[in-house]
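Reminder, nothing fancy here: chain letters follow the sequence lines and each chain counts from 1.
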2 protein chains.
Amino acid sequence: MARKSLVGVVADELLDRIIAGDFPPGSSVPGELELSARHEVSRMTVREAMKTLEAQRILSVERGRGTFVNPLNRWASLEAVLRAASEGQNEAVASVQLIELRRMLETGACELAAARISDADIQKLFGNVAQMRAAHEINDVAAFVAADLAFHDLILRASENVFVAVLFEPLHRVLEKRRAETSAVPTIQEHAIGHHLNIVEALESRNPGRSREAMDAHMQQTLDDLKNLVLQAP
Amino acid sequence: MARKSLVGVVADELLDRIIAGDFPPGSSVPGELELSARHEVSRMTVREAMKTLEAQRILSVERGRGTFVNPLNRWASLEAVLRAASEGQNEAVASVQLIELRRMLETGACELAAARISDADIQKLFGNVAQMRAAHEINDVAAFVAADLAFHDLILRASENVFVAVLFEPLHRVLEKRRAETSAVPTIQEHAIGHHLNIVEALESRNPGRSREAMDAHMQQTLDDLKNLVLQAP
DNA sequence: GCAAGTAGACTTGTCAGACATCTGGCGACG
DNA sequence: CGTCGCCAGATGTCTGACAAGTCTACTTGC
């Protein structure tokens, strides 16, 4: 699956060297010819790799002068920033900050959704909670996670804000595997079911503030779970 | 200034055709050869344009099969989504949704900053408000906007969350010009000064909830200003 | 007759070499 | 001393070719 093409490999290696500090922000990166020699590929392959990094605003290419590394806060790729921020002992910090970000987006989306969600979607949410409960009783972790994801996804869409969904999508991918870890603990499943039920009921009341707080409590629980589980693993 | 290179032009034109609906999500885009003929450039130029769109997850390239358009919610580029969402009569809707998004990020960042901001940074924020007041009195719109931007930027950084800054950066660019418009009205300047002062004082009290609400009120005002100004322009 | 295998057309991936164009600095010339 | 022009080095683009993956349709063997 996804055997990476050469340009993907070159782009990854180059990004690794940037993150490792070989080329600090503001400095220039070696010329295309030099890179093509170092990685033993043609100049064109190097150019395409550069293009992908430039599209993510990691590099700035200036004709006739060279190619330069942008400061980290101009990077447009959450994944690349995550890789950079997770260097060394910082992975735990990065995880917490990701949850913080998720909390902002999900509580905000939930608040908006309260005024816009349809009755049909609310019934679907009740259905998702029922699925989570059923999955919990027969210990089906995969089904539990699937229902959980569908629940949050529906709220995102009910917010009717396209940009929230766009910004949330990369977060979704990054957090997916850790969600599966925390959701494997039965006690946490029970907590989650309770929180989700609170959220649907708040949405049903069409009260934005209450809906936001319900989602906020859920996010707080998720953050606590992360701290108690992932951050103490060997 | 910034005369676009050929690959930039081709990428733009291709994105325009995608947004115009020539190639719906899931469908394939014409082959590299066909595109190179249509745009009268070499195949390599087309390839580099495709690479930039692929890096933004607008296209998915599959070797031997073709190149396909991703659904809009997988796009990783806020700007591209904005262009797509602003088609037709939807520009007003897109503007409102952008403010909604900004509200989520800024209120969240402000809440985090309350617990993390340094005394020195709080003094800087007071200084920014003073600059805004001075600029207001001598009717210097540019200086007012500059102090305003610096104020919000400092809070973003004080939240100590790298990812918030990353997601906010494209928003910053997009909203910059509209901010200049609304900030030109003296009455709105006065409102903004009051809101900013409330925000600093809330941060000074180190109360996260109060800080969030102060920023929220400011965002609400901004949204109202947008509705009353931009949405009724000729 | 049917199924497995294969040849071909079409697609993207990579390579090589060449020339065009832009930038910046160095040196010659006025 | 200042200005102009040349030149080295960087990216931008073109041409043509071959490699390799995918799908279709036909051929072939049973």
Arg43(B) side chain vs Ser36(B) backbone, donor-acceptor pair below 3.5 Å: no
Note, Arg173(A) side chain near Glu169(A) side chain (heavy atom, < 4.5 Å): yes
Among all residues two or more places apart in sequence or in another chain, which pass the salt bridge (charged side-chain N to carboxylate O under 4.0 Å, His left out) test with Glu62(A)? Arg65(A)
Sole residue of Glu100(A), Arg103(A), Met104(A) in side chain to side chain contact (heavy atoms under 4.5 Å, CB included) with Met219(A): Arg103(A)
Nucleotide-resolved protein contact map, nucleotides 7-19 of chain D, B/S/- at heavy-atom distance under 4.0 Å: --BBBBBBB-B--
Measure up the His152(B) and His196(B) rings against each other and bin them: parallel (under 30°), tilted (30 to 60°), perpendicular (over 60°). perpendicular
